[in-house]
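Have a look at the structure below, then the notes.
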2 protein chains.
Amino acid sequence: MNSLTEENYLKTLFVLANESGEVNVIDLSKRLNIKMPTVTSMMKKLAVKKLVHYESYKPLRLTERGKKEAGIIIRKHRLTEMFLVQVMNFGWEEVHEIAEQLEHTHSPDFFEKMDEMLGYPKIDPHGSPIPDKNGKIEWKKYSKLSNCRVGEALKLTAVIDSSEEFLKFLNSRELKLGLKVKVKSIEPFDGTMVISYGKKLNETLSQTVTKRLLGELIQG
Amino acid sequence: MNSLTEENYLKTLFVLANESGEVNVIDLSKRLNIKMPTVTSMMKKLAVKKLVHYESYKPLRLTERGKKEAGIIIRKHRLTEMFLVQVMNFGWEEVHEIAEQLEHTHSPDFFEKMDEMLGYPKIDPHGSPIPDKNGKIEWKKYSKLSNCRVGEALKLTAVIDSSEEFLKFLNSRELKLGLKVKVKSIEPFDGTMVISYGKKLNETLSQTVTKRLLGELIQG
DNA sequence: TAATTTTGTTAGATGAATCTAATTTAGTAG
DNA sequence: CTACTAAATTAGATTCATCTAACAAAATTA
């Protein structure tokens with residue numbers, strides 16, 4: 001059995017690897033808000049438990065077992081988020097923090113029941129895929145809004161950031177998953193975009209925002 | 001903010017005080033499966049935090065603040081049990097272990113929502129009172145089945161033990177809260193009772209069991 | 001390639017929660 | 001009242017997760 005702390009390292013390692021390929025000690029350190037020497041020693045510990053491959057000065061890699069265990073934690077997190085939104089009527093901006101705590105619950109039955117009540121969902125309220133019971137994830141290849149060109153249209157399918165602040169911002173602009181957004185113009189200097197969607201014909205979004213919005217390109 | 005460990009000491013202290021009045025180091029030690037010296041040092045720590053009154057060799061007592069915090073943890077535990085049974089369709093024998101974990105979730109909203117969905121219940125699935133938001137509990141004075149005499153009848157309202165094993169035993173005899181049970185005979189040697197209820201006319205229950213069943217006497 | 005910066009590791013300390021062994025206090029039984 | 005037993009405390013060790021300071025390796029820049 002892994003400790004809560006170990007679970008957080010595994011999960012973060014998994015997430016970072018999927019965000020950016022190679023994960024270094026400093027990346028984990030920053031994401032977890034934990035100093036590098038602490039990360040190094042935890043990596044050694046997890047290596048002994050055969051959850052990570054660890055070699056000094058090399059990028060950090062989860063073993064197959066590590067990936068599976070991390071995937072299961074992420075599954076629990078995302079199922080919980082879905083449950084909070086669908087069953088308990090929370091807003092998508094409220095659920096991340098709560099799921100961060102509930103994901104460490106050790107009770108297969110609890111998550112089994114959630115999954116059943118939700119009808120075996122494949123994605124969470126932020127559009128992220130829910131790993132299966134073996135921790136395996138099916139990745140979709142979405143485009144970032146920030147990479148779109150003028151005239152292109154995107155159907156929003158996921159957000160990259162589930163923080164309350166970001167989602168509240170999206171709420172304030174009535175931006176939600178499923179919307180079709182069209183790029184009207186891009187400021188070359190800083191990448192700020194003007195987009196239209198729904199009833200909004202001229203919303204301006206900074207690159208900080210457009211980099212966090214994913215979707216499927218719509219031809220036409 | 002109290003640690004998970006501290007929360008468990010507070011909760012157990014509260015429960016033991018309500019079970020048996022005075023609580024000694026050894027009682028807490030046994031209930032928590034933690035050695036006495038560890039309990040002593042935790043009591044000193046909680047005393048510094050003004051959660052318990054601690055004096056060497058004296059019984060352990062929660063302060064008002066300690067009672068409030070403990071009550072709130074118990075509230076979270078019992079609301080969770082109710083939620084698991086009512087909303088998620090778990091059996092009453094399955095929920096204790098899960099609630100034991102979820103009770104440490106720090107999110108007023110989460111429990112607020114549960115409470116609302118459940119219609120502000122006053123008792124949990126085992127008949128125990130749910131403390132209010134200030135941790136205050138309203139105790140009912142129930143009778144133990146083990147204290148009843150031949151010919152008396154009891155409406156079952158609560159169980160004293162929420163363990164899976166005990167509740168599975170009750171399930172196997174179709175014993176549930178709300179039932180009216182009548183004492184048909186008592187073996188003087190060991191207190192074993194023969195009772196009738198529902199369609200069962202001759203069920204034999206050991207004192208181990210009858211001591212754990214509470215109810216209201218029915219005059220008849 | 002040499003100098004500098006960034007990244008990573010080693011060594012050693014700290015605090016929380018636990019333990020065992022030894023000692024002390026309180027309660028009980030002669 | 002003394003002796004014994006049970007309960008509680010003190011002292012000191014251990015493990016986990018963390019830190020800071022110092023050093024080493026790798027990467028980058030000049």
Side-chain angles (χ1 to χ4, degrees), chain A residues 1-17 19-62 66 69-70 73 100-101 103-104 106, chain B residues 1-14 16-17 19-63 66 69-70 73 100-101 103-104 106:
Chain A
M1 184 74 69
N2 305 310
S3 70
L4 190 151
T5 309
E6 290 167 336
E7 288 195 352
N8 280 330
Y9 279 90
L10 290 174
K11 180 184 65 160
T12 306
L13 213 34
F14 190 100
V15 168
L16 284 177
E19 274 176 18
S20 42
E22 292 209 334
V23 183
N24 300 309
V25 173
I26 202 172
D27 305 322
L28 246 190
S29 168
K30 281 178 180 157
R31 185 63 71 100
L32 290 169
N33 265 305
I34 280 175
K35 297 289 178 289
M36 293 203 320
T38 310
V39 172
T40 299
S41 61
M42 181 57 85
M43 289 307 105
K44 288 179 177 173
K45 189 176 166 199
L46 294 178
V48 171
K49 296 179 93 176
K50 303 281 180 210
L51 294 165
V52 307
H53 295 295
Y54 177 75
E55 289 178 87
S56 300
Y57 301 105
K58 295 272 169 65
L60 306 171
R61 285 163 43 232
L62 287 167
E69 309 219 344
I73 298 161
E100 206 72 6
Q101 298 180 59
E103 74 192 4
H104 302 291
H106 293 295
Chain B
M1 186 72 70
N2 306 310
S3 71
L4 191 151
T5 309
E6 290 167 335
E7 289 195 352
N8 281 330
Y9 279 90
L10 290 175
K11 183 185 61 160
T12 306
L13 213 34
F14 190 102
L16 285 178
E19 274 177 19
S20 43
E22 292 208 335
V23 183
N24 300 308
V25 173
I26 202 171
D27 305 322
L28 246 189
S29 167
K30 280 178 180 156
R31 185 65 70 99
L32 290 169
N33 264 307
I34 279 175
K35 296 291 178 289
M36 293 206 326
T38 310
V39 171
T40 299
S41 61
M42 181 57 85
M43 287 307 106
K44 289 178 177 174
K45 189 177 167 197
L46 293 178
V48 171
K49 297 179 94 177
K50 303 282 180 209
L51 294 166
V52 306
H53 295 294
Y54 177 74
E55 288 178 273
S56 299
Y57 301 104
K58 295 272 169 65
L60 306 171
R61 285 163 42 233
L62 287 167
T63 62
E69 310 219 345
I73 298 161
E100 205 72 5
Q101 299 180 59
E103 74 192 3
H104 302 291
H106 293 296

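Chain identifiers are assigned alphabetically (A, B, ...) following the order of the sequence lines, protein sequences preceding nucleic acid strands; residue numbering begins at 1 within each chain. Basis for what follows: all heavy atoms, side chains included, without hydrogens, waters or symmetry-related copies.
- T12(B) places no side-chain N or O within donor-acceptor distance of the main-chain N or O of Y9(B), the cut-off being under 3.5 Å.
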Let me check something: any side-chain donor-acceptor pairs from residues 20-33 of chain B under 3.5 Å, sequence neighbours excluded? List them with distances.
| residue | atom | partner | partner atom | Å |
| --- | --- | --- | --- | --- |
| S20(B) | OG | L16(B) | O | 3.0 |
| D27(B) | OD2 | N24(B) | N | 2.7 |
| S29(B) | OG | I34(B) | O | 2.6 |
| R31(B) | NH1 | E19(B) | OE2 | 3.4 |
| R31(B) | NH2 | E19(B) | OE1 | 2.6 |
| R31(B) | NH2 | E19(B) | OE2 | 3.3 |

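- Put simply, CZ on F14(A) and CG on L62(A) are 7.5 Å apart, with the number rounded to the nearest 0.5 Å.
- With sequence neighbours left out, Q101(A) forms a side chain to side chain contact (heavy atoms under 4.5 Å, CB included) with T105(B), H106(B).
- Checked against salt bridge (Lys or Arg N to Asp or Glu O under 4.0 Å), E7(B) has no partners two or more places apart in sequence or in another chain.
- Contacts between residues 54-63 of chain B and DNA chain C, defined by a heavy-atom separation below 4.0 Å, involve Y57(B), listed by number.
- The distance between atom CG of N24(B) and atom P of dT5(D), rounded to the nearest whole Å, is 21 Å.
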Please list, pair by pair, any protein nitrogen or oxygen found under 3.5 Å from a nitrogen or oxygen in nucleotides 18-22 of chain D.
| residue | atom | partner | partner atom | Å |
| --- | --- | --- | --- | --- |
| dT18(D) | OP2 | Y9(A) | OH | 3.1 |
| dC19(D) | OP2 | K35(A) | N | 2.9 |
| dC19(D) | OP2 | T38(A) | OG1 | 2.9 |

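- Counting to the nearest Å, the P atom of dT7(C) and the CZ atom of R31(A) are 16 Å from each other.
- The distance from atom CG of N2(B) to atom P of dA16(C) is 13 Å, rounded to the nearest whole Å.
- Look at CD on E22(A): it is 14 Å from C1' on dT7(C), rounded to the nearest Å.
- Note on K11(A) versus E103(A): salt bridge recorded, some NZ/NE/NH1/NH2 to OD/OE distance being below 4.0 Å.
- Going from atom CD1 of I73(B) over to atom CG of N8(B) covers 7.5 Å, rounded to the nearest 0.5 Å.
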Identify all side-chain donor-acceptor contacts of residues 47-60 of chain B below 3.5 Å with residues at least two apart in sequence or on another chain.
| residue | atom | partner | partner atom | Å |
| --- | --- | --- | --- | --- |
| K49(B) | NZ | N2(B) | OD1 | 3.0 |
| K49(B) | NZ | E6(B) | OE1 | 2.9 |
| K49(B) | NZ | E6(B) | OE2 | 3.3 |

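- Distance NZ (K44(A)) to C1' (dT9(C)): 6 Å, rounded to an integer number of Å.
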